[in-house]
*Asks:* 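Structure incoming, see below.
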Amino acid sequence: MTAYRELATLCQQLEQTSSRLTMRRLIAGFLRRVEPSELEIAVNLIIGRVFPEQDPRSMQMSFASVFRLLGELNLPTEVYRRSYSTAVDAGEAVRMILKHASHKSRRLSIAEVHRQLESIAVSRGRGSRKERDHMFRDLLSQIDEIEAKYVTKSMFGEMRHGASEGIMLDAIAEAASVSSDLVRRAHMFAGELGHVARIALTKGEKGVRDVRIILFRPIKPMLARTANSLEEAWTELGGTLALEYKYDGARVQIHKRGRTVRMYSRRLTDITRAFPELIEQLRKLPAERTLLEGEIVGVDPAGKPLPFQHIMRRVTRVHQVQRAMKKIPIRLHLFDCLMVGDEMLVDSSYEIRWKTLLNTVPADLVASRLVPRSIVQASAFFQDACSKGHEGLMAKAMSSPYTPGTRGKSWLKIKFADTLDVVILAADWGYGRRHNWLSNYHLGVLDEESGEYVPVGKTFKGLRDDEFQSLTERLLSIRTAERHNTVYVKPEIVVEVTYNEIQKSPHYPSEMALRFARITRIRNDKSSNQATTLQTLRELHRKELARKGEVS
DNA sequence: GTTGTCTGCCC
DNA sequence: ATTCTGC
DNA sequence: GCAGAATGGGCAGACAAC
């Protein structure tokens with residue numbers, strides 16, 4: 001058995017360096033000396049996971065739970081106040097608080113710490129909240145404050161020591177003396193870091209090479225990079241590309257063997273039971289074995305795509321699936337085929353995979369696509385997609401292989417986006433590396449009827465560090481009030497915000513919220529009475545909705 | 001039984 | 001999801 | 001160019017509080 005303390009020490013060392021090579025070396029050394037039976041657990045805990053990626057169990061513990069139970073220690077109020085205001089993150093706050101509780105470490109092993117975390121995760125049903133709190137407090141009483149810090153961090157998935165999945169993969173490769181590329185490929189197919197580590201360290205290169213795609217073990221989806229315009233995508237791909245509609249729905253990976261069909265989400269969660277009508281349809285496909293990928297969108301009776309919110313009502317649904325099925329009909333748009341029969345197509349070109357897809361499934365299940373001959377034709381297709389209520393287009397390089405889990409340059413997404421000039425109404429204090437900055441800005445538009453500014457969303461994106469710093473100073477100088485973590489300010493600062501959609505909001509009184517808002521400019525040239533008005537925003541929202549379908 | 005809070009997971 | 005930063 | 005970090009809106013489900 002390896003002491004959990006050693007894992008905590010490793011994390012402390014990682015925290016002290018920003019060099020990836022050093023982190024890789026430190027982790028590799030640790031993986032080589034950790035007790036083999038604890039290897040898989042350790043690999044996950046180090047990068048901030050209690051359970052492997054595909055494990056459906058979760059801790060059901062968050063900041064609120066942990067701070068509630070720490071409050072029960074009845075330490076001086078000053079200890080809590082100082083810890084919360086000084087600590088950069090939750091793990092650090094826990095350490096600072098527990099320093100005053102002076103628990104002695106019983107030197108639990110990695111396996112024992114994990115066993116206790118597991119029993120917290122499986123506690124369910126009436127009274128389980130209290131039971132989980134009790135069990136976690138019990139765990140804290142057996143470890144010292146340094147160990148508690150990293151247990152908390154693993155539980156919250158925020159290590160903040162700079163090493164995560166990517167560096168872990170390199171470390172596994174180094175520890176096992178196997179090439180990094182092979183280890184990464186094995187991980188994309190196996191989907192579980194712990195398994196990859198065990199195989200690499202016990203079976204070496206041969207074991208890693210033998211990992212391949214198996215049906216009903218979902219693989220990491222290939223990711224796309226964003227292009228700012230169609231022209232940019234065209235240039236980047238050298239004009240030899242295909243365009244597909246980018247549907248605003250849920251990405252799914254479909255595995256079929258005989259009459260058995262299962263569907264997995266982008267994060268590899270099994271969501272088969274949410275879409276019975278689709279499963280039934282897919283079971284009838286002639287292909288005996290296949291692995292397909294596509295996007296599911298909600299549609300109205302006329303077939304127009306519904307806003308994203310509606311498909312979300314179905315993806316995570318467990319109860320009343322049949323009722324949701326009637327209310328929110330769906331359509332599947334397939335765009336890739338990674339396996340047919342015994343043939344593995346991951347390394348085949350996109351062109352070949354597309355042809356195989358067409359030969360495998362009926363045409364009405366396939367995404368709309370165009371191989372453009374000119375950029376003019378491409379632009380028309382983009383307009384076409386947007387006007388029909390879709391998100392935009394995907395541009396794909398014809399000869400590119402499927403590269404699971406990586407954001408390569410062979411898939412580019414081009415999304416509709418627009419800008420508004422909005423006013424900063426308030427800002428939240430940041431967390432972690434933004435601890436000392438006001439980092440999350442509440443955005444408002446002017447209601448011409450009342451003359452008041454009403455919130456329509458928040459954003460923390462778009463500014464550079466130096467801009468956060470100067471904006472923090474500026475905002476503090478016009479502060480009107482401060483409550484909890486939020487500083488309210490005079491509505492004076494105007495920022496240009498880029499967004500992708502105006503959503504119907506059940507939360508904001510304006511009943512609208514901006515999706516994916518990011519600051520693209522600080523409009524020092526504009527005063528707040530020149531900002532976008534609520535009335536204008538409503539009009540834009542109406543126009544957006546007119547392109548999309550409606551639920552009856 | 002209803003409403004509110006927390007959590008995880010879609011984007 | 002998007003964006004910025006450091007290697 | 002990759003990897004990591006910070007954090008958005010909104011959905012269902014599970015449980016807690018009333």
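So that the names make sense, note that chain A is the first sequence line, chain B the second, and so on, each numbered from 1.
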*Asks:* Within the pair A/Ser18 and C/dC7, is there a side-chain N or O less than 4.0 Å away from OP1 or OP2?
*Replies:* yes
*Asks:* Is the distance from OP1 or OP2 of D/dA6 to the nearest side-chain N or O of A/Arg160 less than 4.0 Å?
*Replies:* yes
*Asks:* Below 4.0 angstrom, N of the basic side chain to O of the carboxylate: do A/Lys396 and A/Glu244 qualify?
*Replies:* yes
*Asks:* For A/His541 and D/dG9, what is the distance between atoms NE2 and P respectively, to the nearest whole Å?
*Replies:* 15 Å
*Asks:* In whole angstrom, give the distance that lies between atom CZ of A/Phe51 and atom P of B/dT7.
*Replies:* 15 Å
*Asks:* Just compare D/dC11, B/dC11, C/dA1 and give me whichever is closest to any side-chain atom of A/Gln309.
*Replies:* D/dC11
*Asks:* Do A/Asp270 and A/Thr272 get their side chains close enough for a donor-acceptor pair, meaning under 3.5 Å?
*Replies:* yes
*Asks:* Quick one: is D/dA3 close enough that its OP1 or OP2 comes under 4.0 Å of any side-chain N or O from A/Arg184?
*Replies:* yes
*Asks:* Could you give the CZ-to-P distance, from A/Phe468 to C/dT5, as a whole number of Å?
*Replies:* 9 Å
*Asks:* Categorize A/Phe516 for me: base, sugar-phosphate, or nothing, with a 4.0 angstrom heavy-atom threshold over every strand shown.
*Replies:* base
*Asks:* From C-beta outward on A/Arg126, which listed nucleotide comes closest to its side chain: D/dA16, D/dG10, C/dC7?
*Replies:* D/dA16
*Asks:* To the nearest Å, how far apart are A/Arg313 CZ and D/dG10 P?
*Replies:* 11 Å
*Asks:* Is the shortest side-chain N/O distance from A/His310 to OP1 or OP2 of D/dG10 below 4.0 Å?
*Replies:* no
*Asks:* Answer with base, sugar-phosphate or nothing: what part of the nucleic acid does A/Ile519 contact at a heavy-atom distance below 4.0 Å?
*Replies:* nothing
*Asks:* Indicate, with a heavy-atom threshold strictly under 4.0 Å, whether A/Glu158 touches base, sugar-phosphate, or nothing.
*Replies:* nothing
*Asks:* Quick check on C/dA1: is either OP1 or OP2 less than 4.0 Å from any side-chain nitrogen or oxygen of A/Asn500?
*Replies:* no
*Asks:* Closest-nucleotide mapping onto DNA chain C: is A/Thr226 or A/Leu21 further toward the 5' terminus? I mean the 5' end.
*Replies:* A/Thr226
*Asks:* Between C/dA1, B/dG8, D/dC15, which nucleotide gets closest to the side-chain atoms of A/Arg129?
*Replies:* D/dC15
*Asks:* Figure out the CD/P separation between A/Glu511 and D/dG9, and round it to whole Å.
*Replies:* 16 Å
*Asks:* Which of the following nucleotides, B/dC11, C/dT2, D/dG8, is nearest to the side chain of A/Phe308?
*Replies:* B/dC11
*Asks:* Give a yes/no on whether any side-chain N or O of A/Thr406 is located under 4.0 angstrom from OP1 or OP2 of D/dC2.
*Replies:* no
*Asks:* Assign A/Ile311 to base, sugar-phosphate, or nothing according to its heavy-atom contacts below 4.0 angstrom with the strands shown.
*Replies:* nothing
*Asks:* Check this one for me: any side-chain N or O of A/Ser62 less than 4.0 Å away from OP1 or OP2 of B/dT7?
*Replies:* yes
*Asks:* Given B/dC9, is OP1 or OP2 found less than 4.0 Å from the side-chain N or O atoms of A/Thr316?
*Replies:* no
*Asks:* May I ask you to verify if any side-chain N or O of A/Lys413 is less than 4.0 angstrom from the OP1 or OP2 atom of C/dT2?
*Replies:* yes
*Asks:* Specify whether A/Phe63 and A/Phe156 have parallel, tilted or perpendicular ring planes, treating 30° as the upper limit for parallel and 60° as the lower limit for perpendicular.
*Replies:* perpendicular
*Asks:* Looking only at side-chain atoms of A/Thr269, point me to the closest of D/dG10, D/dG1, B/dC10.
*Replies:* B/dC10
*Asks:* Of all the nucleotides listed (D/dG10, D/dG9, B/dC11), which has the minimum atom distance to the side chain of A/Arg515?
*Replies:* B/dC11
*Asks:* Calculate the interatomic distance between A/Met59 atom CE and B/dC6 atom P; express it in whole Å.
*Replies:* 18 Å
*Asks:* Quick one: do A/Glu174 and A/Arg25 satisfy salt bridge (Lys or Arg N to Asp or Glu O under 4.0 Å)? Show the steps, please.
*Replies:* CA-CA 8 Å; A/Glu174 184 177 318; A/Arg25 186 171 45 74; over 6 Å; no
*Asks:* Identify whether the distance between the nearest side-chain nitrogen and carboxylate oxygen of A/Asp170 and A/Arg184 falls below 4.0 Å.
*Replies:* yes
*Asks:* Kindly point out which of D/dG1, B/dT7, C/dT5 is positioned nearest to the side chain of A/Ala64?
*Replies:* B/dT7
*Asks:* Using whole Å, report how far CZ of A/Arg124 lies from P of B/dT7.
*Replies:* 12 Å
*Asks:* Quick one: is C/dT2 close enough that its OP1 or OP2 comes under 4.0 Å of any side-chain N or O from A/Thr459?
*Replies:* no
*Asks:* Taking the six-membered ring for Trp and the full ring for Phe, Tyr or His, determine whether the centres of A/Phe335 and A/Tyr247 are under 6.0 Å apart.
*Replies:* no
*Asks:* When rounded to the nearest 0.5 angstrom, what is the spacing between CZ in A/Arg323 and CD1 in A/Ile328?
*Replies:* 9.5 Å
*Asks:* Look at all strands and tell whether A/Lys246 reaches a base, only sugar-phosphate, or nothing, counting heavy atoms closer than 4.0 Å.
*Replies:* nothing
*Asks:* Would you mind reading off the distance between A/Asn228 atom CG and C/dT2 atom P, rounded to a whole angstrom?
*Replies:* 11 Å
*Asks:* Is it the case that more than 12 heavy atoms not belonging to A/His541 sit under 6.0 Å from its NE2 atom?
*Replies:* yes
*Asks:* Which nucleotide wins on minimum distance to the side chain of A/Ser128, given the candidates D/dA16, D/dA12, D/dG10?
*Replies:* D/dA16
*Asks:* Give a yes/no answer on whether the side chain of A/Thr498 brings an N or O atom under 4.0 Å of OP1 or OP2 in C/dT2.
*Replies:* no
*Asks:* If you compare every side-chain N and O of A/Lys130 against the phosphate oxygens of D/dC15 (OP1, OP2), does one of them come in below 4.0 Å?
*Replies:* no
*Asks:* From C/dT5, D/dG9, D/dA16, pick the nucleotide closest to the side chain of A/Arg464?
*Replies:* C/dT5
*Asks:* When you measure from the side chain of A/Arg518, which nucleotide among D/dG10, C/dT2, D/dA12 comes out closest?
*Replies:* C/dT2
